[in-house]
Amino acid sequence: MDRRFGYVPVIEPTEDRSPLAPATAAVDPVSGPSTASLELPAVAESLTVVRQMLTGLGEALALEAAAIGDLKIAVSEACANCCLHAYRDTAAGPMWVHCFVRESTLWIAVIDHGIGMGPTRLGEGASPGLGLGLPLMAALSDELRLRAGVERGSEVWLRFELNGGRRA
Amino acid sequence: MSARLELDPGPVGGAVAGRVAACLAARVGLSVGRVEDARLAAEAIAHHAGGAVRDTRLVLVLEPSAGELVIRATPLARGGAERLLRASAVPSLGPLVERLARTRVDSQDDGEILVVELDADGPAASAGPSESGGRAGSAGPVSDAAP
């Protein structure tokens, strides 16, 4: 698969758990508490805060400016999806951004408790955008995992290799 | 729009907290100098909270309101707020957080909450005992507070 444009089109079922609970290896790509977790309302204004958080994280990890840029674009896309779709027919609910630094790997999870995703919602013009969000996230990260279920919220997991990974 | 940040105290957590606090401080219309003060205060708290938290994790609740950003650091052990403020001291400047913002300590059942209030004026404008009986900074902000 061409990593520049492809992504893993697998949607795993969402687990019943607290969004702030420590990750578990059984269901998550990583285990243990996050390095940093941010809880915000799922509104457009929150994206700036998330981007600033990622800038601070990237600088603390001594990432190159281009890598921080990719990180911010990919995670912003996941957060934008959350703001646009997760609480579509209700008041904006919460959105969580978890960052896990594990040796030379950074995992970022964007989680909501919204309406989730199903086959109908994923396709057939359900999105008002161009439909490039998921391929973009996949292209800018080293791995993309989705976990969702109808009315069970959504989770987007993004892996970034800190020693270059996709760029090396 | 309030934000809740949960992190491991240390340099990475400090960098993250500083950026988030600065962003929210800018939202409430604080001057560039006070935005930088907010960044420094949050970074100092998250960096030095290792010996002050009750467990291993620090939670910062950041609440922006009109012209003010309030940061609540919790859950701190008894005496943890004082230890945290002392740990943030910079040689020749003294405790950094108290130079930048008004601070007070609220008691919880089994610990403390450090409340840090950043507004346009800085701690010098309201020096003296606070209503809650907590501390109030006696020195001005490190940076100039523009109107």
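Proteins come first, then strands; the chains are lettered A, B, ... in the order of their sequence lines, and each starts at number 1.
One hydrophobic cluster holds both Leu146(A) and Met95(A) under the rule that ILVMFWY side chains link at heavy-atom gaps under 4.5 Å. Hydrophobic clustering, with ILVMFWY side chains joined whenever heavy atoms are under 4.5 angstrom apart, groups Val12(B) together with Val49(A). Note on Val101(A) and Val156(A): same hydrophobic cluster, where clusters join Ile, Leu, Val, Met, Phe, Trp and Tyr whose side-chain heavy atoms are under 4.5 Å apart, directly or indirectly. With hydrophobic clusters built from ILVMFWY side chains whose heavy atoms lie under 4.5 angstrom apart, Ile68(A) shares a cluster with Val97(A). Hydrophobic clustering (side-chain heavy atoms under 4.5 Å, transitive across Ile, Leu, Val, Met, Phe, Trp, Tyr) keeps Val59(B) apart from Leu7(B).
Neither the backbone nor the side chain of Thr56(B) comes within contact range of chain A; no heavy atom of the residue lies under 4.5 Å from a heavy atom of that chain. Of the two parts of Val43(A), only the side chain, counted from C-beta on, holds a non-hydrogen atom closer than 4.5 Å to a non-hydrogen atom of chain B. Interface residue Glu59(A): only side-chain heavy atoms are found under 4.5 Å from chain B.
A distance of 9.0 Å separates CG of Asp8(B) from OG of Ser37(A), quoted to the nearest 0.5 Å. Leu24(B) CG to Leu40(A) CG: the interatomic distance, rounded to the nearest 0.5 Å, is 7.5 Å.
Across Pro11(B) and Ala60(A), no two heavy atoms sit closer than the pair O-CB, 4.4 Å. Across Ser2(B) and Pro41(A), no two heavy atoms sit closer than the pair O-CD, 3.7 Å.
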(request) Go through the steps to decide whether Ser34(A) and Glu6(B) satisfy the test side chain to side chain contact (heavy atoms under 4.5 Å, CB included), and finish with yes or no. (result) CA-CA 8 Å; Ser34(A) 64; Glu6(B) 182 178 326; 5.8 Å; no
(message) If you apply the rule side chain to side chain contact (heavy atoms under 4.5 Å, CB included), what do you find for Val16(B) with Met53(A), and how did you get there?
(response) CA-CA 5 Å; Val16(B) 169; Met53(A) 175 206 198; 3.5 Å; yes
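With hydrogens and angles ignored, the 3.5 Å screen pairs no side-chain donor or acceptor of Arg19(B) with any backbone N or O of Val50(A).
Counting heavy atoms from C-beta on, the side chains of Arg4(B) and Leu38(A) never come closer than 4.5 Å.
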